[in-house]
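Everything on this sheet refers to the single structure shown next.
In this chain, residues are counted from 1 in sequence order.
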Amino acid sequence: MEKTISHCRLQADRAEGLLTIDGSHGEGGGQILRTALSYAALFGRGILIENIRAARRRPGLAAQHVTCVRAAAALCGAAVEGDELGGSTLRFLPRTRAQAGQYAFDVAQARKGGSAGSTSLVLQTVLLPLALADGDSRVRIEGGTHMLWSPSFHFLRDVWLPALTRTGIEAELALERWGWFPVGKGLIQADIRGSAGRRPRPLEVLQRGELLEVSGCAVGANLPAHIPSRMANRAIRLLDGLGVP
């Protein structure tokens, strides 16, 4: 009976004109979910996502994905069904397009006992809709800032955002607290300038360009100072052998 009701509901969703997305497509991970949420909030388009993260060892929504859903919903006043841990089907119905404003999200709230889920992935979900909204926004996100299997804060600030800046998107990122596995509790902030309907410029990167500099940082939390020092010295020895600046 439950399967029959679920099947009828999915058929009704399709009849209502919801854009149906297969979350198992391609690499079958969270990026399909995040991209779909970004565009749903940006254009105010209702979506139905099935088979969420079907190709992962633990399929369905994890804490950071639940937070991505709720964050995107906050931007556009969306009605949501299925935003629960382990959920594999999500209905997301925006009431409006993404609105500029002051937002705060905490990945730890998505799971009992807290979570060090990625703040970076939540920011990647909401930045584009807010960058194309009418007005400036500030977003504060608590959780993990430097985690396995997700881009670190420094990648966002030093690689991802400079690439977006070349398209005309304007934002500033700040790291207020580092957040590590398993407790998280880090805090990042993004100040985003809305473009009020201006379209981003195309990004063309056809040549690699000259290598100008190689740099890095070695960081430890609640560890003796000699550990990050050894990490840094090891990296320096490896780079010296390559003859890079």
Is there a side chain to side chain contact (heavy atoms under 4.5 Å, CB included) between L61 and L85? Walk through the geometry before answering. CA-CA 5 Å; L61 298 172; L85 293 175; 5.7 Å; no
Nearest 0.5 Å, please: how far is CG in L18 from CZ in F92? 12.0 Å
Looking at side-chain heavy atoms only, is the closest gap between L90 and V80 below 4.5 Å? yes
If I take atom CG from residue L164 and atom CD from residue E170, how far apart are they, to the nearest 0.5 angstrom? 12.0 Å
Any idea which heavy atoms bring A133 and A100 closest together, and the distance? CB-N, 4.0 Å
Let me confirm one number: the OG-CG distance from S195 to L132, rounded to the nearest 0.5 Å. 4.5 Å
Distance-only donor-acceptor pairs under 3.5 Å for side chains of residues 209-234, two or more places apart:
unit_1 : atom_1 : unit_2 : atom_2 : d
H226   : ND1    : R230   : NH1    : 3.4
N233   : ND2    : S229   : O      : 3.2

Verify side chain to side chain contact (heavy atoms under 4.5 Å, CB included) between K185 and E142, making sure each step is shown before the conclusion. CA-CA 6 Å; K185 297 186 179 180; E142 295 186 70; 5.9 Å; no
Drop me the distance from H65's NE2 to L37's CG, to the nearest 0.5 angstrom. 10.5 Å
Can you confirm whether L156 sits close enough to L123 that some side-chain heavy atom of one is under 4.5 Å from a side-chain heavy atom of the other? yes
Minimal heavy-atom distance between A41 and A72, with the atoms involved, is CB-O, 4.2 Å
When rounded to the nearest 0.5 angstrom, what is the spacing between CD1 in I49 and OG1 in T20? 10.0 Å
Judged by modelled atom types alone, do Q124 and S120 share a side-chain donor-acceptor pair under 3.5 Å? no
Evaluate R53 against L33 for side chain to side chain contact (heavy atoms under 4.5 Å, CB included), listing each step before the verdict. CA-CA 8 Å; R53 299 182 67 246; L33 170 75; 5.6 Å; no
For I188, the option from T119, L173, V139, V122 that meets side chain to side chain contact (heavy atoms under 4.5 Å, CB included): T119
Hydrogens and angles aside, do R138 and Q102 bring a side-chain donor and acceptor to less than 3.5 Å of each other? no
Connected via hydrophobic side-chain network under 4.5 Å: L93 and I52: no
G194 backbone acceptor or donor facing D136 side chain under 3.5 Å: yes
Report yes or no: do I192 and I141 belong to one cluster of Ile/Leu/Val/Met/Phe/Trp/Tyr joined by side chain heavy-atom distances under 4.5 Å? yes
Which heavy atom of A171 sits nearest a heavy atom of L127, and at what distance? CB-CD1, 4.2 Å
Within the distance-only criterion (no hydrogens, no angle test), does the side chain of R95 pair as donor or acceptor with the backbone N or O of G77 below 3.5 angstrom? yes
Hey, is R166 close enough to E204 for a salt bridge, meaning N to O under 4.0 Å? no
Would you find more than 12 non-hydrogen atoms of other residues, nucleotides or ligands less than 6.0 Å from E172 atom CD? no
Beyond-backbone contact of C76 with L42, side-chain heavy atoms, under 4.5 angstrom: no
Give the intermediate values and the outcome of side chain to side chain contact (heavy atoms under 4.5 Å, CB included) for residues V66 and R70. CA-CA 6 Å; V66 171; R70 294 173 181 174; 3.3 Å; yes
Might you confirm whether atom OH of Y103 has over 12 heavy atoms from other residues, nucleotides or ligands at distances under 6.0 Å? yes
Work out which heavy atom in V107 is nearest to a heavy atom in S115; give both atom names and the distance. CG1-OG, 3.8 Å
Nearest atoms (heavy-atom pairs only) where M147 meets W180: SD-C, 4.2 Å
Is the closest side-chain heavy-atom distance between F155 and L161 below 4.5 Å? no
Give a yes or no on whether R157 atom CZ has more than 12 heavy-atom contacts from other residues, nucleotides or ligands under 6.0 Å away. yes
Are side-chain heavy atoms of L48 and L19 found at a separation under 4.5 Å? no
Given R56 and E27, is the salt bridge (Lys or Arg N to Asp or Glu O under 4.0 Å) satisfied, shown in steps? CA-CA 9 Å; R56 292 297 181 257; E27 50 94 24; 2.5 Å; yes
Roughly how far, to the nearest 0.5 Å, is CZ of R198 from CD1 of I169? 11.0 Å
Minimum heavy-atom distance Q64-L121, with the two atoms named: NE2-CD1, 3.3 Å
Ring geometry between H154 and H146 (parallel below 30°, tilted from 30 to 60°, perpendicular above 60°): tilted
